[in-house]
Structures are given as C-alpha cells and as structure tokens.
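The structure displayed is predicted, hence computed values, not measured ones.
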Amino acid sequence: MATAELTASDYIQHHLTNLTLGWLPDHGLVFAHNAEEAAAMGFWALHVDSLLWSIGLGYLFLLGFRKVAENVTAGVPGKAQNFVEWIIDFVNENVRGSFSAKNDIVAPLALTIFAWVFLMNLMDLVPVDLIPWAFGQFMGLFGADPHHVFMRVVPTTDPNITFGMALAVFFMVLYYSIKIKGVGGFVGELTLHPFGKFGIPANLILEGISLLSKPLSLSLRLFGNMYAGEMIFILIALMYGHNMVLSLGGGALQLAWAIFHILIITLQAFIFMVLTIVYLDMAHQTDH
C-alpha cells in the first residue's frame with residue numbers, strides 16, 4: 001500500500017494532486033511529476049483526469065438513458081425503464097414546482113445536471129487507492145514512477161469542474177435575463193432596485209453581489225462538500241496497514257462514512273439541480 005512507502009503527508013498530497021498536463025519552460029508540454037510542477041504550469045494547465053472522468057461519466061449517462069429510450073415499452077416496463085421513468089418524474093416534479101415560466105430546455109437541463117453530478121459524486125465511493133494504484137501500475141509498464149503518477153477519480157472535488165458547470169449555468173441565466181427582459185430591463189434590474197434611480201450605486205452593488213453569488217453558490221457548495229468527503233476517505237485509508245485494530249477500525253469507519261456519504265452525494269446533485277432551476281426561473285421573471 002502507498003502508506004508503506006510514503007509519509008502520511010506525502011500520501012495525502014499524492015491523492016489530492018491531479019494528473020496535470022501543461023507547459024514548463026525547461027521541458028515543454030509535459031505531465032507534472034509533483035504538485036509543485038503542476039502549480040508552476042499555471043492557469044492554462046489541464047487536469048486530464050478530471051476531464052476524462054467527467055466526460056466519460058457524462059457519456060455513460062447519455063448512453064444508458066438512450067439505450068432505455070430505444071427499448072421503451074408500453075406494456076409492463078422492465079427495471080431499467082422503471083428506474084429511468086422514476087428519475088424523469090422526480091425531475092419534472094421539481095421543475096413544475098420551481099419554474100413558473102415556459103421553457104422546454106429547463107427540464108432536460110435539470111435531468112442532465114442531476115444525473116451527471118450524481119455520477120461524478122458517486123465516484124467518491126470507489127476505494128481511494130484502487131484506481132490510482134491500478135493506473136500507477138499500468139503507467140509503470142511504460143517506465144513511469146508510480147509515485148509520480150496521479151489520478152483523481154472524483155471530478156466534483158476539482159473546483160475547475162464545479163466552476164465550469166456553474167459558469168455554464170450563469171451564462172444561461174444572463175442569456176435568458178437579457179432575452180426575456182431586454183438589455184434595458186436587465187440593466188434596469190441591476191441599477192434601479194431596490195432603492196430607485198437615486199440609489200443607483202447601492203443598487204448596483206447589491207444586485208451585482210446577488211448576481212455573482214449565483215455561480216459561487218453553485219460551485220463552492222458542491223466542491224466543498226465533495227472535497228471534504230474525499231479527504232475523510234483518505235484519512236480513513238491511512239489507518240490501514242499498521243495493525244489489526246487500526247485496520248478493522250478503518251474498515252468500520254469507511255463503511256459507516258460510505259453509507260452516510262450516499263446521502264451527501266445525492267443531496268448535492270439535487271441541490272445543484274434545484275438551484276439551477278430557481279436561478280433560471282428568476283431570469284424569466286419580468287415583474288418586480
């Protein structure tokens with residue numbers, strides 16, 4: 001196990017470092033060998049593991065739902081069809097309850113967000129050493145040092161992923177705010193409320209903060225909860241390999257935390273979906 005060769009601090013740092021591809025002045029375009037090199041690559045570096053897992057899980061969601069849709073039957077539905085229909089009904093109920101305007105894109109968007117975020121969160125239940133160890137051994141066949149091979153499998157523990165999703169929702173909010181209210185209406189909403197034309201500076205500050213808080217609330221809430229959950233799993237993993245008592249205690253704690261974490265995984269996907277619906281509903285409102 002990694003803890004036999006690394007200190008506890010090194011072990012934690014290894015698990016919290018992404019597989020990063022970027023430019024280093026002395027080496028060109030390379031994968032980072034440690035956290036320091038990853039940081040030196042700057043803003044334009046790519047977290048390859050986060051991208052691959054998020055895209056792969058998104059494709060898995062689309063593939064699974066498409067397969068069920070192609071085999072849908074009007075008779076007695078199978079288990080897969082029942083499950084998909086239950087998820088769709090659940091999402092539709094939330095859209096009807098939180099979105100008062102008419103926009104055909106909101107329900108599919110909410111479904112995509114809920115299923116995609118849930119699948120990305122679900123990767124936190126995979127044993128923390130399993131995939132990184134297997135990937136390190138695989139890369140070792142090509143001469144790579146497993147200690148310098150990184151693989152984070154929970155995309156939502158990467159703020160780049162959560163901020164990217166939140167910004168996509170934010171741009172949609174801006175788009176529909178301008179489309180529904182017009183440029184003048186949108187600017188007036190930012191500058192004339194709540195204190196009227198004589199309070200424009202205060203209005204702009206208050207409404208600007210309210211507007212910018214939308215992507216922050218989406219991204220930071222999801223990232224913070226999933227990062228904390230991942231950290232707890234890593235700390236529990238440090239208990240293994242020392243003695244029988246610590247190993248058994250670690251196993252019990254890991255099982256208990258995994259069961260509780262299922263609630264967090266589902267709740268965070270649900271909250272991201274609901275906030276997206278609410279923010280889009282606010283963008284469609286014209287009466288103030």
Side-chain angles (χ1 to χ4, degrees), residues 54-55 57-74 77-123 155-156 161-182 185-186 189 193 207 210-226 262-288:
S54 59
I55 293 171
L57 291 168
Y59 177 75
L60 179 65
F61 154 67
L62 294 174
L63 184 66
F65 273 61
R66 179 178 179 177
K67 184 175 179 61
V68 171
E70 289 175 343
N71 297 302
V72 69
T73 175
K79 294 181 180 179
Q81 183 177 333
N82 268 328
F83 179 68
V84 169
E85 288 179 351
W86 175 78
I87 294 177
I88 292 174
D89 288 340
F90 170 74
V91 172
N92 280 333
E93 288 177 5
N94 281 276
V95 172
R96 284 194 294 266
S98 303
F99 190 77
S100 57
K102 179 175 175 56
N103 189 329
D104 294 337
I105 200 175
V106 174
L109 175 65
L111 173 63
T112 301
I113 286 174
F114 178 75
W116 194 17
V117 173
F118 176 80
L119 287 175
M120 289 192 286
N121 292 350
L122 190 64
M123 294 300 295
T156 45
I161 297 297
T162 60
F163 268 92
M165 296 180 67
L167 285 175
V169 173
F170 181 61
F171 290 142
M172 291 186 67
V173 169
L174 293 178
Y175 170 76
Y176 283 111
S177 293
I178 295 173
K179 180 180 179 180
I180 301 298
K181 304 165 188 175
F186 178 60
E189 186 179 71
H193 299 90
E207 292 296 327
S210 176
L211 184 65
L212 294 176
S213 68
K214 290 179 172 62
L216 289 175
S217 65
L218 282 173
S219 57
L220 292 180
R221 179 183 287 106
L222 178 59
F223 163 71
N225 280 277
M226 297 311 301
I262 294 173
L263 174 63
I264 297 176
I265 287 169
T266 308
L267 184 62
Q268 290 307 311
F270 173 74
I271 291 174
F272 201 104
M273 177 192 72
V274 169
L275 286 179
T276 298
I277 297 170
V278 170
Y279 293 157
L280 287 172
D281 181 65
M282 294 169 65
H284 284 73
Q285 299 301 319
T286 56
D287 53 324
H288 295 281

Visitor: In chain order, what residues pass the side chain to side chain contact (heavy atoms under 4.5 Å, CB included) check against S54, with sequence neighbours excluded?
Guide: W116, M120, P155, I161
Visitor: Please enumerate all residues that pass salt bridge (charged side-chain N to carboxylate O under 4.0 Å, His left out) together with K79, with sequence neighbours excluded.
Guide: none
Visitor: Could you work out, with side chain to side chain contact (heavy atoms under 4.5 Å, CB included) as the rule, every residue matching L212, not counting sequence neighbours?
Guide: F170
Visitor: How about F171 and Y175: are their ring centroids closer than 6.0 Å?
Guide: no
Visitor: Do L222 and N121 pass the side chain to side chain contact (heavy atoms under 4.5 Å, CB included) test, and can you show the C-alpha distance, the side-chain angles, and the key distance before you say yes or no?
Guide: CA-CA 9 Å; L222 178 59; N121 292 350; 3.8 Å; yes
Visitor: Locate the shortest heavy-atom distance separating F163 from L216; write the atom from each residue and the value.
Guide: CE2-CD2, 3.8 Å
Visitor: Looking only at side chains, do Y279 and S217 share a donor and an acceptor under 3.5 Å apart?
Guide: yes
Visitor: Under the rule for side chain to side chain contact (heavy atoms under 4.5 Å, CB included), what residues qualify as partners of Y176, not counting sequence neighbours?
Guide: N103, I105, M172, K179, L280, A283, H284
Visitor: Decide whether Q285 and S100 meet the rule of one side-chain donor and one side-chain acceptor closer than 3.5 Å.
Guide: yes
Visitor: Ring centroids only, cut at 6.0 angstrom: are F114 and F90 within range, meaning strictly under it?
Guide: yes
Visitor: Considering residues at least two apart in sequence or located in another chain, which fulfil the side chain to side chain contact (heavy atoms under 4.5 Å, CB included) criterion with T73?
Guide: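 Side chain to side chain contact (heavy atoms under 4.5 Å, CB included) list for T73, sorted by chain: Q81.
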Visitor: Taking only residues two or more places apart in sequence or in another chain, which ones pass salt bridge (charged side-chain N to carboxylate O under 4.0 Å, His left out) with D104?
Guide: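 So D104 forms a salt bridge (charged side-chain N to carboxylate O under 4.0 Å, His left out) with K102.
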Visitor: For side chain to side chain contact (heavy atoms under 4.5 Å, CB included), just list the numbers for M273 and I277, CA-CA rounded to whole Å, side-chain angles, deciding distance to a tenth of an Å, and then say yes or no.
Guide: CA-CA 6 Å; M273 177 192 72; I277 297 170; 4.1 Å; yes
